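Below is one structure, written out as structure tokens; the observations come after it.
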2 protein chains.
Amino acid sequence: MTTWIDRFEGLSSLPADVRDILVGQSQVLKVPAGTVVFGPGKIPENLLLMLAGTVRVQQLSESGREIVLYRVNAGESCVMTTACLLAYEEYSAEGIAETEVEAAAIPRGVFDELVSRSETFRRFVFSAYSKRITDLFFVIEEIAFQRMDIRLAQRLLTLSRETDVVKATHQKLAAELGSAREVVSRQLQEFQRRDWVTLTRGTITLLDKYAIKKLAETEA
Amino acid sequence: MTTWIDRFEGLSSLPADVRDILVGQSQVLKVPAGTVVFGPGKIPENLLLMLAGTVRVQQLSESGREIVLYRVNAGESCVMTTACLLAYEEYSAEGIAETEVEAAAIPRGVFDELVSRSETFRRFVFSAYSKRITDLFFVIEEIAFQRMDIRLAQRLLTLSRETDVVKATHQKLAAELGSAREVVSRQLQEFQRRDWVTLTRGTITLLDKYAIKKLAETEA
DNA sequence: TTCGCTTCGGTGACATTGTCACCAACGGAT
DNA sequence: ATCCGTTGGTGACAATGTCACCGAAGCGAA
């Protein structure tokens, strides 16, 4: 029988008994876009395995600025909830459902049992951690060392996957990059001047993805 | 009998059989200051539990700049090695022994067995992960949103714990903060102008820790 | 429609930080 | 003493962040 487990690469080879625990003891739930999946003041009770949708994990500063750390997509697990399941200390990041999200919720106790019983599950969990940590390393490298125009170009491309239109305010883009609105606005104007994009209120239309990609791939 | 295990808070309540495995199957080793404990191209074979000394974990950019991510001190574990034990992908961070380092090395297989058998050990491992992830969140917040003078003041304080003297070149301090030497030099000159420090080649002497602390604690 | 409100984006002035080129001072090695 | 690599100082400039303020676009109510 196929279950949602099969959507996770790392879990395909789980032995039958472990599979049964995982499927039997977890609950598939759906939350609407905009839901705060975890965040300061919310004690997470479950490890989430994302079946559909996207969760955006972001950091807020006291001064009101924010930065997007990474996104958790379908087929991945939201280990921040685990990390904070173990409650090292109060964390300042929060996870927000960007779309409607469907996820399997594994309660704390079940999670612990699975880690204990299954080497496959352990591998899955630890490699999820590794991925997030390397994601964070990447973010740090970007904000510390990369030019804004390059980062903006990269972000426009990732936010526009199939289509050529990015629906986002300059403010939202600035939050993606941990920068200020004015900086993003000015960069976008420069892109427009080069006929790479057209700008209208709330949307950026990519005219010359090739040129943008070339900038995004600039090294050093 | 007391062993090095007792130096780790989280491991004090390990059952006797698990203790025996941990002590029996791991090896205490010593490496001199400057050793690259892990890094690109080095496949880590062990989880390291730090008994004495400090490991500095830092990130290098292609352009040659660098930034210190965090330090692993005695009584903590170096989970980056675990993360990359599971080898998610090539990581760009490296760990360097800042002092002579004494550590217990737990081989991969033993680590796996311990995680499987002991809930205490699991807690220990996962809270180590949580701590590192929150460390990284903190670093991101700092570099994205915090002013350099404040960050420099903070760093000078943490690097001068008991003494009032920081032995470091401006270049090293810049690497700590992911900034440029000139920026650090100028900030230090400003601190000197205010009679907070005196500067000589390779050392910064803190004259007015109180004033520095006050700056370091500035919010927003 | 028109009015009024909110959100979004544009702008200039300025502060901070990063980059570059270059030089001078220091200190160790010969 | 001389040489030389390291360290730090400097000025000019570029890139980014901050602030105050404004006008335009959208949207709902009258």
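What you are looking at is a predicted structure, and each value in this text was computed from that prediction instead of being measured. The sequence lines fix the lettering, A, B, ..., with proteins before strands; numbering per chain opens at 1.
- Formation of a donor-acceptor pair under 3.5 Å by the A:Arg122 side chain with backbone atoms of A:Val115 is found in this model.
- Taking atom CD1 of residue B:Ile150 and atom P of nucleotide D:dT18, one finds them 12 Å apart after rounding to whole Å.
- Residue-level contact check: A:Arg65 touches the backbone only, with heavy atoms under 4.0 Å from sugar-phosphate atoms and none from bases.
- Across residues 173-191 of chain B, B:Ser179, B:Glu182, B:Val183, B:Arg186, B:Gln187 each have a non-hydrogen atom less than 4.0 Å from an atom of DNA chain C (numbered order).
- Atom CG of B:Leu207 sits about 9.0 Å away from atom CD of B:Gln192, to the nearest 0.5 Å.
- A:Leu152 places its CG atom 15 Å from the P atom of D:dA15, with the value rounded to the nearest Å.
- Taking only distance into account, the side chain of A:Arg147 never meets the base of D:dT16 through a donor-acceptor pair shorter than 3.5 Å.
- Remark: A:Arg132 engages A:Glu76 in a salt bridge, criterion side-chain N to carboxylate O under 4.0 Å.
- The CZ atom of B:Arg193 sits 15 Å away from the P atom of D:dG9 (whole-angstrom rounding).
- Within the 3.5 Å criterion, the main-chain N or O of B:Leu215 finds a donor-acceptor partner in the side chain of B:Thr218.
- One interatomic measurement links the two molecules: NZ of B:Lys167 to P of D:dT6, which rounds to 19 Å at whole-angstrom precision.
- Mapped onto DNA chain C by nearest heavy atom, A:Ala144 and A:Thr203 fall at different nucleotides, with A:Thr203 at the one closer to the 5' end.
- Rounded to an integer number of Å, the gap from CD of A:Gln146 to C1' of D:dA15 is 13 Å.
- In A:Lys172, the NZ atom is not crowded: 12 or fewer heavy atoms of neighbouring residues, nucleotides or ligands sit closer than 6.0 Å.
- Counting non-hydrogen atoms of neighbouring residues, nucleotides and ligands closer than 6.0 angstrom, the CD atom of A:Glu9 reaches no more than 12 such neighbours.
- The nearest pair of heavy atoms linking A:Phe191 to A:Asp149 is CZ-O, 3.7 Å.
- The span of DNA chain C lying next to chain A, judged by atoms under 4.0 Å from heavy atoms, is bounded 5' to 3' by C:dT7 to C:dA13.
- For B:Glu142 and D:dG17, the CD to P distance is 16 Å, given to the nearest whole Å.
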In a table with atom names and distances, give each donor-acceptor pair under 3.5 Å that connects a side chain of residues 180-187 of chain B to protein atoms at least two apart or in another chain.
from, atom 1, to, atom 2, distance (Å)
B:Ser185, OG, B:His170, ND1, 2.7
B:Ser185, OG, B:Arg181, O, 3.3

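- Here the side chain of B:Ser160 pairs no donor or acceptor atom with the backbone of B:Val166 at under 3.5 angstrom.
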